[in-house]
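Structure first, then comments.
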There are 2 protein chains.
Amino acid sequence: MDGKDMAAMLEEAGVEPTAVRLAVTHVLADGERALPAGDILRKVRETMPVNKVTLYRILDLFVRQGLASRHSSGDRAFRYCLGPRFSGRAHGHAYCLRCGRMACLPATRDLVDVAALGRSLDMDVVGVEVRIDGVCAACRLAAEKGGTGGAVEDGAVVDDAPGKN
Amino acid sequence: MDGKDMAAMLEEAGVEPTAVRLAVTHVLADGERALPAGDILRKVRETMPVNKVTLYRILDLFVRQGLASRHSSGDRAFRYCLGPRFSGRAHGHAYCLRCGRMACLPATRDLVDVAALGRSLDMDVVGVEVRIDGVCAACRLAAEKGGTGGAVEDGAVVDDAPGKN
DNA sequence: GGCTTGATGCAACAGAGTTGCATCAAGATG
DNA sequence: CATCTTGATGCAACTCTGTTGCATCAAGCC
Ligand SMILES: [Mn+2]
Ligand SMILES: [Mn+2]
Ligand SMILES: [Zn+2]
Ligand SMILES: [Zn+2]
């Protein structure tokens with residue numbers, strides 16, 4: 001996806017295309033994984049200075065407009081990826097309990113009979129969240145080699161110090 | 001379930017049966033819903049004084065021992081209910097976006113083909129989380145009557161002041 | 001030029017859970 | 001009995017992940 005597509009996506013979602021929003025869209029459009037706000041913030045900052053509040057507001061906006069979707073993981077940080085309309089599918093995720101990475105799966109429809117659900121529950125169904133919890137291949141290998149900390153490399157918590165936007 | 005059963009469950013789970021743990025088990029054994037720690041704390045406190053840290057430690061212990069299971073909702077508080085071994089089934093949940101209540105569903109097996117998942121993912125699958133998001137019947141009715149706040153009644157946040165255990 | 005509007009920044013705050021250390025009771029040991 | 005150890009609990013302070021209020025700034029309009 002190039003810059004042109006990003007702007008088109010924002011417009012289609014009814015969102016004013018500012019520089020930061022384009023950068024966030026660019027990160028989300030990677031599409032491999034659902035990312036926590038902290039990771040998105042780091043990636044966007046490789047391009048330009050951004051305040052974390054701005055990012056949170058953009059993510060909320062994107063979710064409201066269907067551009068992004070927000071998913072809960074086993075830890076306390078929500079993960080964001082492109083919404084169904086822009087990723088081309090409603091999909092579940094595979095969450096690694098060791099490294100915290102959350103991979104986007106091909107689709108949810110094969111796994112869950114949503115229609116049957118709507119009928120069987122006395123509830124207006126808005127969405128279905130499917131998450132597979134386990135240990136990813138990278139972490140399994142790392143564990144076999146004797147490591148104890150999973151297959152993570154990044155770490156570095158996003159800070160809050162003045163002048164850091 | 002009476003007190004006798006509670007103690008038996010704790011023993012079966014390999015957990016020392018203290019007064020607080022029995023009370024927590026009692027609350028979880030209700031079985032209708034998965035409850036946030038705050039709700040559990042309030043209910044246990046109707047019986048005896050307890051510190052919130054104690055509750056969190058008990059919940060962690062219960063989850064480790066399989067007595068309870070921990071589920072993520074659309075908000076930032078985890079919900080706890082009896083684990084599969086003690087509730088008699090692995091099950092998903094229905095989360096109401098209005099009132100935040102999370103109902104335990106009959107079973108997950110009918111909805112998700114877990115075996116197929118294990119095969120298709122390069123991952124050691126530990127668990128599957130299925131959550132239906134929507135608006136519960138009570139909230140739908142409340143909304144039709146013109147209310148704007150969902151079908152909740154409780155509210156009251158659990159405090160942290162000294163002398164409150 | 002003045003006015004409004006929307007996006008962004010900054011500081012302080014909030015909720016949910018954690019950590020470290022103190023205390024206390026029940027057993028185990030002598 | 002005196003003492004030692006162990007596990008459960010309490011309390012204060014802390015972390016992490018967002019949120020809220022208010023200030024600023026730029027762009028468009030009159
Ligand atoms: Mn995804
Ligand atoms: Mn349940
Ligand atoms: Zn992993
Ligand atoms: Zn409801």
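FYI, side chains are in, hydrogens and waters are out, and symmetry mates aren't considered; it's all heavy atoms of this structure. Proteins get letters first, then strands, A, B, ... in listed order; numbering begins at 1 in each.
With C:dT19, D:dT9, D:dG18 as the choices, the nucleotide that has an atom nearest any side-chain atom of B:V53 turns out to be C:dT19. Here the nucleotide nearest the side chain of B:D60, chosen from C:dG9, C:dT18, D:dT17, is C:dT18. Nearest to the side-chain atoms of A:R57 among the listed nucleotides D:dG21, C:dG17, D:dT19 stands D:dG21. Ranking C:dT8, C:dG17, D:dG10 by closeness to the A:T18 side chain, first place goes to C:dT8. Side-chain atoms of A:E16 lie closest to C:dA7 of the nucleotides D:dG18, C:dA7, D:dA8.
Look at B:T54 and you'll find a side-chain N or O under 4.0 angstrom from OP1 or OP2 of D:dG10. Using a 4.0 Å cut-off, no side-chain N or O of A:R76 falls inside it from OP1 or OP2 of C:dT18. Note on B:Y56: a side-chain N or O is less than 4.0 Å away from OP1 or OP2 of C:dG17.
Rounded to an integer number of Å, the gap from CG of A:N51 to P of D:dT24 is 16 Å. If you take CZ of B:F78 and C1' of D:dC16, they are 12 Å apart, rounded to a whole angstrom. For the pair B:L55 CG and C:dT18 C1', the interatomic distance rounds to 13 Å; values are reported in whole Å. The distance between atom CD1 of B:I40 and atom C1' of C:dA16, rounded to the nearest whole Å, is 13 Å. Regarding A:L22, its CG atom lies at a distance of 15 Å from the C1' atom of C:dT8, rounded to whole Å. A:R42 places its CZ atom 13 Å from the C1' atom of D:dT17, with the value rounded to the nearest Å. Between A:K52 atom NZ and C:dG9 atom C1' there is a gap of 12 Å when expressed in whole angstrom units. Between A:L10 atom CG and C:dG6 atom P there is a gap of 17 Å when expressed in whole angstrom units.
Applying side chain to side chain contact (heavy atoms under 4.5 Å, CB included) to B:V44 and the options B:I58, B:V27, B:D39 leaves one that passes, B:V27.
Contacts of B:P49 with the nucleic acid, taken as non-hydrogen atoms under 4.0 Å apart, involve only primed sugar atoms and P, OP1 or OP2.
In summary, the side chains of B:H71 and B:S73 do not present any donor paired with an acceptor at a separation below 3.5 Å, with no hydrogens or angles considered. There is no side-chain donor-acceptor pair under 3.5 Å between A:R79 and A:S72.
Ranked by how close their nearest DNA chain D nucleotide is to the 5' end, B:I58 and A:D75 are led by B:I58.
By the 4.0 Å N-to-carboxylate-O rule, A:D122 lies close enough to B:R140 to be salt-bridged with it.
Using a 4.5 Å heavy-atom cutoff, the side chains of B:F62 and B:L28 are in contact.
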